[in-house]
A.B. asks: 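Provided herewith is a single structure, encoded as structure tokens, for subsequent inquiry.
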Amino acid sequence: MTDTARLIRGARINGGEPADILIRGGVVAAVGTGLDPGGAEVHDAAGLIALPGLVDLHTHLREPGREDAETVASGSRAAAAGGYTAVHAMANTDPVADTAGVVEQVWRLGREAGHCDVQPVGAVTRGLAGVQLAELGAMADSAARVRVFSDDGMCVSDPLLMRRALEYVKAFGGVVAQHAQDPRLTEGAQLNEGAVSDRLGLAGWPAVAEEAVIARDCLLTEHVGSRLHVCHVSTKGSVQILRWAKSRGCDVTAEVTPHHLLLTDDLAEGYDPIYKVNPPLRTAEDVRALREGLADGTIDCVATDHAPHPIEAKETEWATAAMGMTGLETALSVVQHTMVDTGLLDWAQVADRMSAAPARIGRLAGHGRPIAPGEPANVTLYDADTARDVDPAAMVSKSTNTPYRGMRLPGRVVATFLRGAPTVLEGKIQ
Ligand SMILES: [Zn+2]
């Protein structure tokens, strides 16, 4: 399939003027107007936006161990449906991805499925237990070439262990992606600590539990001259700390999820656990600060934190429900809604925040590159001028715990090309 020559006709690259994109041998052969197809298969993309294939730094694919919620195959297919050509698969599987053997298994399953590139994240500590470093070097040297290390789901709260991890990954250009959550300050926490948690009688999850860890880690990173990435930033204070750290020259990057750009803690009023997530939904003031931070580059990228759960784990009481929501198939629409339609980002900046920046942070070769001659043909075609009512039953993911069900969201991914081969191709442009 990769060898089929294709001419994508009249697409607006990063929202610019219509242009043709000629793909041959898996790479972009030419970009221009009125290109001669010369036997290539032609796709009429008039009115569609072409973006470099999206890259997710933070996906939970659940395999090995929780194949009832998602598999590498189903999750990577959901990613392609959402316009992604590469995803980073988080390490909190069962067994944990803390050895070369497990990361190679995940990497191989991704290649076999072929929907998008699946880049495993390695655990920072053995079994995510926060006591001993995992085999970081062996995972880096493995066939999976791990560069991102994270105990996501758990915080590396021991400062000495965090320091050692930051020092260790320097040898191979790695990055430690921290799930910033002080465990003592969030024991039993259920919802953002504030007026809503007070009213509902749910144990509060204070912003400071996130902010204190981010501040500490920025200082640690600076001290040892390493590279830190902060997962799913969710508070205004976190954005302020990151802005300060970057102004000091600290080598820190950060991500925000689509749901933290849109949803607020008052959605918990109905005690519907579909809105239960880690970190929790925050206030409208936090949402504003996160959007501003993403717009001005304080927050580098959007990451989905796609967290599929089986129905029984979510359709239960708030206190016992699992934390997390799916996100791969709605991310671009939510970003359009919150950032583009509000005038905060243009499409070229969306390409940066959802493709170039995450690829750069993850040191992922062949992704996040501009749609230009000689580059790998990883391309997403997106119709921004349509809208859809989110239907969980129509999702590709094995799980249906989307907080957007029934919500009208703008836009739709029409096609995704991975090195020139379509992983998604809607009928209308075939
Ligand atoms: Zn997390």
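Atom set for the values below is all heavy atoms of this structure, side chains included, hydrogens, waters and symmetry mates excluded.
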A.B. asks: So, does Glu329 use its side chain to make a donor-acceptor pair with the main chain of Ala81 at under 3.5 Å?
C.D. replies: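 Side chain of Glu329 to backbone of Ala81, a donor-acceptor pair under 3.5 Å: no, none is there.
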A.B. asks: Can you confirm whether Val106 sits close enough to Glu63 that some side-chain heavy atom of one is under 4.5 Å from a side-chain heavy atom of the other?
C.D. replies: no
A.B. asks: Taking the side chain as every heavy atom from C-beta outward, state whether Lys314 and Lys276 have any pair of such atoms under 4.5 Å apart.
C.D. replies: yes
A.B. asks: Is the closest side-chain donor-acceptor distance between Thr235 and Ser238 under 3.5 Å?
C.D. replies: yes
A.B. asks: Between NE2 of His367 and SG of Cys116, what distance do you get to the nearest 0.5 Å?
C.D. replies: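 The SG atom of Cys116 is 8.0 Å from NE2 of His367, to the nearest 0.5 Å.
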A.B. asks: Keeping the roles fixed (side chain from Ser399, backbone from Ala69), state whether a donor-acceptor pair exists under 3.5 Å.
C.D. replies: yes
A.B. asks: So does Lys170 pair up with Glu167, basic N to acidic O under 4.0 Å?
C.D. replies: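 Salt bridge: no.
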A.B. asks: Passes side chain to side chain contact (heavy atoms under 4.5 Å, CB included), Leu364 versus Val148? Steps please.
C.D. replies: CA-CA 10 Å; Leu364 201 55; Val148 182; over 6 Å; no
A.B. asks: Under 4.5 Å between any side-chain heavy atoms of Ile429 and Leu48, yes or no?
C.D. replies: yes
A.B. asks: Is a side-chain N or O of Asn192 found less than 3.5 angstrom from the main chain of Pro280, in a donor-acceptor match?
C.D. replies: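 Judged by distance alone, no pair lies under 3.5 Å.
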A.B. asks: Would His229 and Asp300 satisfy side chain to side chain donor-acceptor pair (under 3.5 Å), going step by step from the backbone distance to the final call?
C.D. replies: CA-CA 10 Å; His229 179 71; Asp300 301 80; 5.8 Å; no
A.B. asks: Go through it in stages, so that I can follow the logic: the residues are Asp98 and Glu135, the test is side chain to side chain contact (heavy atoms under 4.5 Å, CB included), and I'd like the CA-CA distance, side-chain angles, deciding distance and then a yes or no.
C.D. replies: CA-CA 6 Å; Asp98 58 1; Glu135 299 173 8; over 6 Å; no
A.B. asks: Passes side chain to side chain contact (heavy atoms under 4.5 Å, CB included), Ile361 versus Glu255? Steps please.
C.D. replies: CA-CA 10 Å; Ile361 293 164; Glu255 69 189 33; over 6 Å; no
A.B. asks: Give a yes or no on whether a salt bridge exists between Arg405 and Asp272, defined as a side-chain N under 4.0 angstrom from a carboxylate O.
C.D. replies: yes
A.B. asks: State, yes or no, whether a side-chain contact exists between Ile274 and Asn401 at a heavy-atom distance under 4.5 Å.
C.D. replies: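 Yes, at least one pair of side-chain atoms sits under 4.5 Å.
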A.B. asks: Could you please spell out the steps behind the side chain to side chain contact (heavy atoms under 4.5 Å, CB included) verdict for Val131 and Thr125?
C.D. replies: CA-CA 7 Å; Val131 179; Thr125 70; over 6 Å; no
A.B. asks: Is the ring pair His58/His232 parallel, tilted or perpendicular, if the boundaries are 30 and 60 degrees?
C.D. replies: tilted
A.B. asks: Show the numbers, then the answer: is there a side chain to side chain donor-acceptor pair (under 3.5 Å) between Ser197 and Gln190?
C.D. replies: CA-CA 8 Å; Ser197 66; Gln190 293 287 330; over 6 Å; no
A.B. asks: Quick one, Met354 and Met339 - any side-chain contact, counting heavy atoms below 4.5 Å?
C.D. replies: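 Side chain of Met354 against side chain of Met339, heavy atoms only: no contact under 4.5 Å found.
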A.B. asks: Can you tell me how far apart NE2 (His115) and OG (Ser74) are? Round to the nearest 0.5 Å.
C.D. replies: 8.5 Å
A.B. asks: Heavy atoms, side chains only, cut-off 4.5 Å: are Arg216 and Gln178 in contact?
C.D. replies: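 SC-SC contact between Arg216 and Gln178 confirmed.
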A.B. asks: Check Glu285 with Arg288, please: is the shortest side-chain N to carboxylate O separation under 4.0 Å?
C.D. replies: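 A salt bridge is absent here (no side-chain N lies under 4.0 Å from a carboxylate O).
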A.B. asks: Whether Arg282 and Glu210 form a salt bridge (side-chain N of Lys/Arg under 4.0 Å from carboxylate O of Asp/Glu) is what I want to check.
C.D. replies: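 So Glu210 pairs with Arg282 through a salt bridge.
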A.B. asks: Applying side chain to side chain donor-acceptor pair (under 3.5 Å), run through Arg388 and Ser333 and close with a yes or a no.
C.D. replies: CA-CA 9 Å; Arg388 59 181 168 148; Ser333 288; 3.1 Å; yes
A.B. asks: Just by distance, do the side chain of Asn378 and the backbone of Thr85 share a donor-acceptor pair under 3.5 Å?
C.D. replies: no
A.B. asks: Can the ring centres of His306 and Tyr84 be said to be less than 6.0 Å apart?
C.D. replies: no
A.B. asks: Are any non-hydrogen side-chain atoms of Val176 and Ser226 less than 4.5 angstrom apart?
C.D. replies: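 Sidechains of Ser226 and Val176: no contact.
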A.B. asks: Is Arg164 reaching over with its side chain to a backbone N or O of Leu133, donor-acceptor style, under 3.5 angstrom?
C.D. replies: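 No.
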A.B. asks: Any side-chain heavy atom of Glu70 within less than 4.5 Å of one from Ser397?
C.D. replies: yes
A.B. asks: Salt bridge between Asp266 and Arg199, side-chain N to carboxylate O under 4.0 Å?
C.D. replies: no
A.B. asks: Quick one: does Asp151's side chain have a donor or acceptor within less than 3.5 Å of a partner on Met154's backbone?
C.D. replies: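 No: the side chain of Asp151 does not pair with the backbone of Met154.
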A.B. asks: For the pair Asp286 (side chain) and Lys236 (backbone), establish whether a donor and an acceptor sit closer than 3.5 Å, ignoring hydrogens and angles.
C.D. replies: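 Pair found, side chain donor or acceptor close to backbone of Lys236.
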A.B. asks: If you measure from CG on Leu409 to OH on Tyr404, what distance do you get to the nearest 0.5 Å?
C.D. replies: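 So the gap between those two atoms works out to 7.5 Å.
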A.B. asks: Under 3.5 Å, is there a donor-acceptor pair between the His60 and Asp152 side chains?
C.D. replies: yes
